[in-house]
Engineer: 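Encoded as structure tokens, here's the structure I'll be asking about.
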Amino acid sequence: TSVWEERRLTFFSKLAIMNAGSTFGRTLPSFFADKLGPFNIYIPSGLCTVVMLIALLGTTTTAGIVIFALLFGFFSGAGPSSICRGLRAS
């Protein structure tokens, strides 16, 4: 395989890792949104997403980017699902 094919495969694997983190981010915080309120979950998850984007500037290794993809997927999935779940429950 060429270098470009290898980079494309690693890109798609990191995208799959981010989607896996988003799956957990959409389910776990929505349960807490029922108890704590949707905006009490939405605001911290939005701030954590911004912090993760700033932390991306400091990642240099493949492991760091995989950890970033997992955490970014979790926190970016937590925002919209907590709002929808919390508004439906109230």
Side-chain angles (χ1 to χ4, degrees):
T1 61
S2 70
V3 174
W4 293 109
E5 290 175 6
E6 187 175 320
R7 287 186 180 176
R8 188 174 358 146
L9 289 175
T10 58
F11 169 74
F12 285 119
S13 65
K14 289 174 185 66
L15 183 63
I17 292 170
M18 190 166 61
N19 285 332
S22 179
T23 300
F24 292 110
R26 289 176 189 268
T27 55
L28 293 176
S30 62
F31 291 118
F32 293 113
D34 288 340
K35 296 181 180 16
L36 300 174
F39 291 108
N40 291 334
I41 300 297
Y42 181 73
I43 293 171
S45 69
L47 291 175
C48 289
T49 303
V50 170
V51 168
M52 290 303 302
L53 287 174
I54 294 170
L56 178 62
L57 298 174
T59 56
T60 55
T61 62
T62 304
I65 293 174
V66 168
I67 298 289
F68 164 79
L70 189 66
L71 291 175
F72 182 77
F74 181 83
F75 289 120
S76 66
S81 68
S82 65
I83 293 293
C84 295
R85 175 87 183 244
L87 291 178
R88 185 180 64 201
S90 61

Engineer: Identify whether Phe24 and Phe75 are in the same connected component of the hydrophobic contact network (ILVMFWY, side-chain heavy atoms under 4.5 Å).
Structural biologist: yes

Engineer: Where do Gly25 and Pro29 come nearest, in terms of heavy atoms and distance?
Structural biologist: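 Taking every non-hydrogen atom into account, O-CD, 3.1 Å.
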
Engineer: Give a yes or no on whether Met18 and Leu53 share a hydrophobic cluster (residues Ile, Leu, Val, Met, Phe, Trp, Tyr; joining criterion: side-chain heavy atoms under 4.5 Å apart).
Structural biologist: yes

Engineer: Taking side chain to side chain contact (heavy atoms under 4.5 Å, CB included) as the test, write out the residues that go with Ile65, two or more places apart.
Structural biologist: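 Testing Ile65 for side chain to side chain contact (heavy atoms under 4.5 Å, CB included), a comparison that skips the adjacent residues, returns Lys14, Thr59.
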
Engineer: Counting C-beta onward and ignoring hydrogens, is there a side-chain heavy-atom pair between Asn19 and Leu15 closer than 4.5 Å?
Structural biologist: yes

Engineer: With rounding to the nearest 0.5 Å, note down the distance linking CG in Leu71 to CG in Leu56.
Structural biologist: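 It comes to 12.0 Å.
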
Engineer: Taking all heavy atoms of Met52 and all of Phe68, pick out the closest pair and write down the distance.
Structural biologist: O-CE1, 3.1 Å

Engineer: Closest heavy-atom contact between Gly77 and Ser22?
Structural biologist: CA-OG, 3.9 Å

Engineer: Above 12 or not: heavy atoms from other molecules or residues under 6.0 Å from OH of Tyr42?
Structural biologist: no

Engineer: Show which residues join Ile17 in its hydrophobic cluster (side-chain heavy-atom contacts under 4.5 Å, direct or indirect), or state none.
Structural biologist: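 Once heavy-atom contacts under 4.5 Å are chained together, Ile17 belongs with Val66, Leu70.
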
Engineer: Sub-3.5 Å donor-acceptor pair from the side chain of Thr49 to the main-chain atoms of Ser45, do we have one?
Structural biologist: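 The answer is yes, because a donor-acceptor pair under 3.5 Å joins these two groups.
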
Engineer: Is there a side-chain contact between Asn40 and Phe32, using heavy atoms and a 4.5 Å cut-off?
Structural biologist: no

